[in-house]
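Quick note: numbers below take in every heavy atom, side chains included, and nothing from hydrogens, waters or symmetry partners.
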Amino acid sequence: MTDSPSFSVYPLGGLGEIGMNCMAFKTQRSMVLVDCGLMFPEDYHFGVDVVIPCFDFVLQNKAMLHGIVLTHGHEDHIGALPWLLQNVDVPVYGSQFTLGLVENKLREHDLARWADLRPVRPHDRVLLGDFTFNFFPVCHSIIEGYGLGIETPVGRVVHTGDFKIDRNPLGGHATDLNAFRRFSEPGVTLMLSDSTNVAREGFALTEREIKVSLREIFSTAKGRILVSLFSSHIQRIQEVFDLADGEGRKVAVSGKSLLRNIELARDMGYLRIPKGTFIELDRLDEFGDSELVLLVTGSQGEPLAALSRMSMGEHRQISVKPGDLCILSSRFIPGNVRAITRVINNLYRLGAEVLYEKMHDVHASGHAHAGELTLMLEAVRPKYFIPVHGEYRHLVKHVRLATECGVEEENALVVENGQSVVFEADGSMHFGRTFRAERILVDGKGVGDVGQSVLRERQLLAGEGMVIVVLVVDEATGEISMGPDIMSKGFIFEQQYMHLLDDAKCIVLDVHENIAPGETAKLKERIRSALRRFFRKVLGRDPVVVPLVISI
């Protein structure tokens with residue numbers, strides 16, 4: 001091991017993708033993890049609950065791990081903590097609200113009583129091994145988010161976290177650009193910056209502009225107002241309660257995550273609900289439509305969320321009716337567009353009017369546009385620059401923006417998960433070793449046991465269905481004792497195609513006659529191939545055929 005100090009970044013997730021943000025900062029003696037997020041599964045991840053980073057690198061070096069630092073409380077930054085904290089015992093640092101969300105999450109996994117959660121306030125300094133972390137307030141679509149100023153043995157590092165620069169902040173939720181500027185005055189070796197909205201020019205809408213737009217909608221609405229948003233957007237929730245109170249409306253809430261976060265924010269003093277405004281769902285009949293606002297989950301079209309169930313007429317307490325005005329006060333996350341569109345169409349079928357981001361100013365992104373990213377680059381003026389939190393196209397565009405802002409072209413790096421970068425004491429930089437940084441699929445209590453082969457099988461089952469053949473044979477003589485019985489699951493409607501299943505039984509009997517007694521494996525394979533050929537020829541379908549041959 002060399003005596004000369006160095007500092008390395010190890011991206012475990014969040015580079016080349018939206019979500020699963022997780023990065024290790026390491027010297028020869030110390031390591032700290034920044035964020036520990038998850039992703040939600042793609043459409044082809046049948047049965048998968050969530051996707052988390054591979055923690056092999058962290059576990060291999062856990063003796064050096066001094067702590068986990070969280071920039072804010074969104075799922076893509078805290079969601080994988082339950083799986084990591086089962087295997088490491090280190091303190092977790094973050095804002096009070098962020099740790100409140102973490103504690104709720106850990107309680108679901110029966111880990112809360114073991115976790116060492118340490119709240120930090122704006123501008124606190126925390127020493128973790130070879131690193132000193134400074135916490136700078138940033139404006140985002142969740143309260144109490146932080147950017148990080150990190151002092152390392154080889155220079156200063158700025159990690160912006162997720163941020164935007166609100167030029168006219170509402171309720172004091174602002175990015176402290178001066179704090180970033182002061183920290184950067186001695187010179188910054190490396191800057192890591194949020195890339196989500198780099199392709200959008202100018203500045204994001206401010207929260208004040210959104211509140212003005214929502215006020216106009218609230219003042220002109222004749223019937224009930226349904227508002228669906230991210231359950232962690234406490235600032236927007238506050239606006240809904242304030243506007244409802246101003247219009248003499250009551251607010252009822254449907255959705256466990258919304259109720260849980262409202263209670264948490266209220267207990268911590270971050271949410272002030274006007275007296276008499278909040279009502280239970282079972283009191284809706286006491287008020288006229290023009291007196292009600294319904295705050296519901298489901299802005300992303302989640303099938304079990306309140307808004308989705310309402311759009312299908314399956315909610316136990318709320319029915320959508322003509323005259324309702326539904327506001328989707330959130331962005332359409334890529335991958336969810338089809339589900340959201342389905343919900344919108346169903347709401348229109350029920351007679352509701354729907355407003356969403358593309359047609360009305362009902363949502364402001366929490367991520368900086370190109371103009372705001374430029375301001376941050378000019379405040380920090382780093383020697384090296386690595387864009388984070390974005391798909392590959394976002395990373396490339398952010399690198400180009402950094403070079404326009406004065407970063408040397410060779411010092412602006414597009415890095416992906418699994419590629420470490422090393423910074424030396426002499427100011428030089430080089431790529432380090434690659435390491436395992438795969439996506440780990442979580443299905444129920446199984447972590448990582450669902451791989452590509454299992455997904456392929458699930459895709460086949462979803463696409464073509466399954467045929468099960470049950471056959472009981474005498475082990476000594478090879479004669480059939482029972483069967484063949486054939487069951488179809490997701491393949492054909494049995495009553496309509498019973499004649500095909502009868503033909504399939506005949507094929508199984510023919511195959512059995514040509515197989516010697518005792519050759520069970522050969523019999524199974526011949527049944528499988530014969531039935532697949534038959535179903536392809538007759539129906540043009542290729543189901544999964546499962547022969548169950550039992551010898552007695």
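- Under 4.0 Å is where a charged nitrogen must lie from a carboxylate oxygen, and between E280 and R283 no such pair does.
- In the model, T71 has no side-chain atom that pairs as donor or acceptor with a side-chain atom of H159 under 3.5 Å.
- Listed by chain and residue number, nothing satisfies the ring-ring contact (aromatic ring centres under 6.0 Å, His included) test with H233 (two or more places apart in sequence, or in another chain).
- A salt bridge links E17 with R439: the closest approach of a Lys/Arg side-chain nitrogen to an acidic carboxylate oxygen falls below 4.0 angstrom.
- Side-chain atoms of E353 and Y348 include a donor-acceptor pair closer than 3.5 Å.
- With 3.5 Å as the limit, one finds no donor-acceptor pair spanning the side chains of N345 and R342.
- The number of heavy-atom neighbours closer than 6.0 Å to OH of Y356, taken from other residues, nucleotides and ligands shown, is 12 or below.
- Taking the charged nitrogens against the carboxylate oxygens, R236 and E207 do have a contact shorter than 4.0 Å, which makes a salt bridge.
- Between H123 and F136, the ring planes lie tilted relative to each other; the angle falls in the 30° to 60° range.
- In this structure, a donor-acceptor pair under 3.5 Å is present between the side chains of D162 and H389.
- Here salt bridge (charged side-chain N to carboxylate O under 4.0 Å, His left out) pairs that include residues 385-407, with residues two or more places apart or in two chains, are E391-R393.
- In this structure, H72 and H77 have tilted ring planes: the angle between them lies in the 30° to 60° band.
- Around atom CE of M312, no more than 12 heavy atoms belonging to other residues, nucleotides or ligands sit under 6.0 Å away.
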